[in-house]
K.L.:
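Structure provided below as structure tokens; questions to follow.
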Amino acid sequence: MAEEAKSLNFIEHIVEEDLREGYTQKDLRFRFPPEPNGYLHIGHASSICLNFGLGLRYNAPVNLRFDDTNPAKEEKEYVEAIKKDVSWLGFEWDTECYASDYFQQLYDWAVMLIKDDKAYVDSQSSEEIASQKGTPTEPGKESPYRNRSVEENLKLFEGMKSGEFKDGEHVLRAKIDMASSNMLMRDPVMYRVLHKAHHRTNTDWCIYPMYDWTHGESDYIEQVSHSLCTLEFLPHRELYNWFLDQVVSSDKLRPKQREFARRNLSHTVVSKRKLLQLVEKGLVTGWDDPRMPTISGLRRRGFTPESIRNFADTIGIAKRENVVDVSLLDFHVREHLNKIAPRVMGVLNPLKVVITNYEQGKEEWLEAENNPEDESAGSRQIPFSRELYIEQEDFREEANRKFFRLKLGGEVRLKNGYIIKAESCTKDDDGNITEVQCTYDPKSKSGSGTEESLRKVKGTLHWVSIPHAITAEVRLYDRLFTDATPDSHKDKDFLDFVNPDSLQKVTGYLEPSLKDSKIGDQVQFQRLGYFNVDKDSTPENLVFNRTVTLRDTWAKLEQKG
RNA sequence: UGACCCAUGGUGUAAUUGGCAACACAGCUGGUUUUGGUCCAGUCGUUCUAGGUUCGAGUCCUAGUGGGUCAACCA
């Protein structure tokens, strides 16, 4: 990796220690194991960056493994969406794996466990099994079926597999310890009967292995060295190891499960169940709504893979609970877009300006720099004329010295154009300002080199020539939730905090160079923010999303009053 | 009436494994700027508490406090 000096996170320390104590670089292998039952979100992005980042750092393979053991919830559509998201983030997996590819091996191992008297078929209902489980403070009771003979267990398990039983009639359980202080060790279920077609194995199987039985064994089959998961799986580690103990051979690598704290982002939710509610209740337009914290939503909103990767690197990984402020994500996308987004001009809240001493019907094409951060970006021509739009917020009849914009009797520069002076304004019957009459200094043209053009005026405004302007739908987004941690209130539902103003649609008046914008194009509307062209956009009806505003110290000043 | 995990600025993460508490974001002040953007400089502020070990503790030990996790035929 490029940065040698970078400090290590605790997972990297674990790997370093393993490397010192006998692992070779060739032993290292990681995996990202999503269940294909929904869309990936920003929390997954951290896990992806962690696992694939480790792969890059140690030049080790990383598998993309679909944990597809529950056909009731999983679909091929999600597999495709997940692959797209991981690729978009910029990572390449070594092998595309499916837990369902291991169904036969898992079955054979289960038969082996039965023969070793370490697993048995339980014929009780799930309610009965649950009632015998005990509580965290009281031990459980053993099932009346716990001591069935090996022969009977073999016969029943075979019957489960061959479809002789209905859903729920029997389960296969590991015979461990009903008195363990770890609830997961109290004879966990390994297999259930489920007559449901699987998106890959179709109807080949009517019994499906449970997560705990599948995950560690899959890691072992793939020879994953470090199996990283979130903290809620910590109690599963004991069981992960118990299952591994039953099958590992000494000439193969034994995977390790290690746990890290899930990253929480402020002002949003990431549980699939809650995201689904937002979609189903129509509070957003879909999984890829630009307000959603899904990877597809972030992509549509205009976030770049680089910005998300940098964000994940910056927040790092640890074991304590955390809430990362979204403003850090904003910072990273601004940081990246500042370097790559061409500057253009557009007015979202128009106020008409007439330059009274500018010739009627005249048009002029001015040169405008495309990106001050990138000389190779070159320049373009923008049209200037007698009638322009500026933002309503950029004009006041009177204002104090802190207001660097246009006021009666005051001067500002029009970006890439001339210095103008506001002489008068007209209002409608309600007192709203409808037009500002200005004069311009013909010798002050930007880049002309004249003494007047070099004059310093305090404010510079963006603008657009009315006769040349094109229109577009512009979608302005705000946080989806008004509360930093909407799902952490015991007395309130997270939906109570949905921000009613999270989407605002306006008509934008844009410089004509934007006419041929294509879906996905990213620009900076100067002084307003970074925008991209939404997938709803057509050549006739352009649609822009505001990815993020620019940093706005003026807004802060004004708030303070 | 248990087991386990965690505790460093407003936020997130570091600290050469016991040796000057650092980085980024946010905030604040100033400079540069034809974007109140960018950039530059400065500033703010922290090891949960009480003991102990040690020449030396964010790091090790003990106790406490606070937060979290665990009882799906989900993953």
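Proteins come first, then strands; the chains are lettered A, B, ... in the order of their sequence lines, and each starts at number 1.
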K.L.:
Would you say A/Arg263 reaches B/rU13's phosphate, i.e. side-chain N/O to OP1/OP2 under 4.0 Å?
P.N.:
yes

K.L.:
With syn defined as a glycosidic angle within 90° of 0 and anti as the rest, where does B/rU62 land?
P.N.:
anti

K.L.:
Scan A/Leu8 against the nucleic acid and name what it touches under 4.0 Å (heavy atoms): base, sugar-phosphate only, or nothing.
P.N.:
sugar-phosphate

K.L.:
At 4.0 Å (heavy atoms only), tell me whether A/Leu461 reaches a base, stays on the sugar-phosphate, or touches nothing.
P.N.:
nothing

K.L.:
Answer with base, sugar-phosphate or nothing: what part of the nucleic acid does A/Val323 contact at a heavy-atom distance below 4.0 Å?
P.N.:
sugar-phosphate

K.L.:
Among residues at least two apart in sequence or on other chains, which ones pass ring-ring contact (aromatic ring centres under 6.0 Å, His included) with A/Tyr509?
P.N.:
A/Tyr389

K.L.:
Is the A/Phe303 to A/Phe311 ring centre distance short of 6.0 Å?
P.N.:
no

K.L.:
Please enumerate all residues that pass ring-ring contact (aromatic ring centres under 6.0 Å, His included) together with A/His332, with sequence neighbours excluded.
P.N.:
none

K.L.:
Less than 4.0 Å between a side-chain N and a carboxylate O, is that true for A/Lys256 and A/Asp18?
P.N.:
yes

K.L.:
Find the distance A/Ile315:CD1 to B/rU11:P and express it as a whole number of Å.
P.N.:
15 Å

K.L.:
How would you summarise protein contacts on nucleotides 66-75 of chain B per nucleotide, using B for base, S for sugar-phosphate only and - for none, with heavy-atom distances below 4.0 Å?
P.N.:
-SS-SB-BBB

K.L.:
Would you tell me if any nitrogen or oxygen in the side chain of A/His13 comes within less than 4.0 Å of OP1 or OP2 on B/rU16?
P.N.:
no

K.L.:
Sequence neighbours excluded, which residues qualify as side chain to side chain donor-acceptor pair (under 3.5 Å) partners of A/Ser307?
P.N.:
A/Thr304

K.L.:
Suppose you measure atom C1' in B/rC61 against the same atom in B/rG9; what distance do you get, rounded to whole Å?
P.N.:
28 Å

K.L.:
A/Lys421: which residues meet the side-chain contact (heavy atoms from CB on, under 4.5 Å) condition with it, sequence neighbours left out?
P.N.:
A/Glu411, A/Glu423, A/Thr439

K.L.:
Answer with base, sugar-phosphate or nothing: what part of the nucleic acid does A/Glu369 contact at a heavy-atom distance below 4.0 Å?
P.N.:
nothing

K.L.:
Should the pair A/Glu558-A/Arg396 be classified as a salt bridge under the 4.0 Å nitrogen-to-oxygen rule?
P.N.:
yes

K.L.:
Compare side-chain N and O positions of A/Lys402 against OP1 and OP2 of B/rG36 and report whether any pair is under 4.0 Å apart.
P.N.:
no

K.L.:
Using only heavy-atom distances, determine whether the side chains of A/Ser100 and A/Arg200 contain a donor-acceptor pair under 3.5 Å.
P.N.:
yes

K.L.:
Which part of the nucleic acid, if any, lies within contact of A/Gly447, taking any heavy atom under 4.0 Å across all strands shown: a base, the sugar-phosphate backbone alone, or nothing?
P.N.:
base

K.L.:
Reading 5' to 3' and counting Watson-Crick or G-U wobble pairs with both distances under 3.5 Å, write the dot-bracket notation for RNA chain B, | for bases paired outside the strand.
P.N.:
.((((((..((((.....[..)))).(((((.......)))))....(((((..]....))))))))))).....

K.L.:
Test: salt bridge (Lys or Arg N to Asp or Glu O under 4.0 Å). Region: residues 121-141 of chain A. Which pairs qualify, not counting sequence neighbours?
P.N.:
A/Asp122-A/Arg173

K.L.:
Consider the side chain of A/Ala318, meaning its heavy atoms from C-beta on, and name the nucleotide among B/rA14, B/rC5, B/rG37 that approaches it most closely.
P.N.:
B/rA14

K.L.:
Ignoring hydrogens and angles, state whether a donor on the side chain of A/Gln524 or A/Gln526 is under 3.5 Å from an acceptor on the partner side chain.
P.N.:
no

K.L.:
Return the polar atom pairs (N/O with N/O) between nucleotides 45-49 of chain B and the protein under 3.5 Å, or none.
P.N.:
none

K.L.:
Listed by chain and number, what are the ring-ring contact (aromatic ring centres under 6.0 Å, His included) partners of A/Tyr120, not counting sequence neighbours?
P.N.:
none

K.L.:
Restricting to non-hydrogen atoms, name the atom on A/Gln124 and the atom on A/Tyr145 that form the minimum distance, rounded to 0.1 Å.
P.N.:
CG-CE1, 3.6 Å

K.L.:
Once ring-ring contact (aromatic ring centres under 6.0 Å, His included) is applied, do any residues pair with A/Phe331, and if so which ones, sequence neighbours excluded?
P.N.:
none

K.L.:
Answer with base, sugar-phosphate or nothing: what part of the nucleic acid does A/Thr553 contact at a heavy-atom distance below 4.0 Å?
P.N.:
sugar-phosphate

K.L.:
Between atom NZ in A/Lys415 and atom P in B/rU33, what is the gap in whole Å?
P.N.:
13 Å

K.L.:
Mark up nucleotides 19-31 of chain B, 5' to 3', with B wherever a protein heavy atom is under 4.0 angstrom from a base atom, S wherever such an atom reaches only the sugar-phosphate, and - elsewhere.
P.N.:
-----SS-SS---

K.L.:
With sequence neighbours excluded, what pairs up with A/Asn371 under the side chain to side chain donor-acceptor pair (under 3.5 Å) test?
P.N.:
A/Arg343

K.L.:
For A/Phe403, answer base if it contacts any base atom (sugar-phosphate contacts may also be present), sugar-phosphate if it contacts only those atoms, and nothing otherwise; contact means non-hydrogen atoms under 4.0 Å.
P.N.:
base

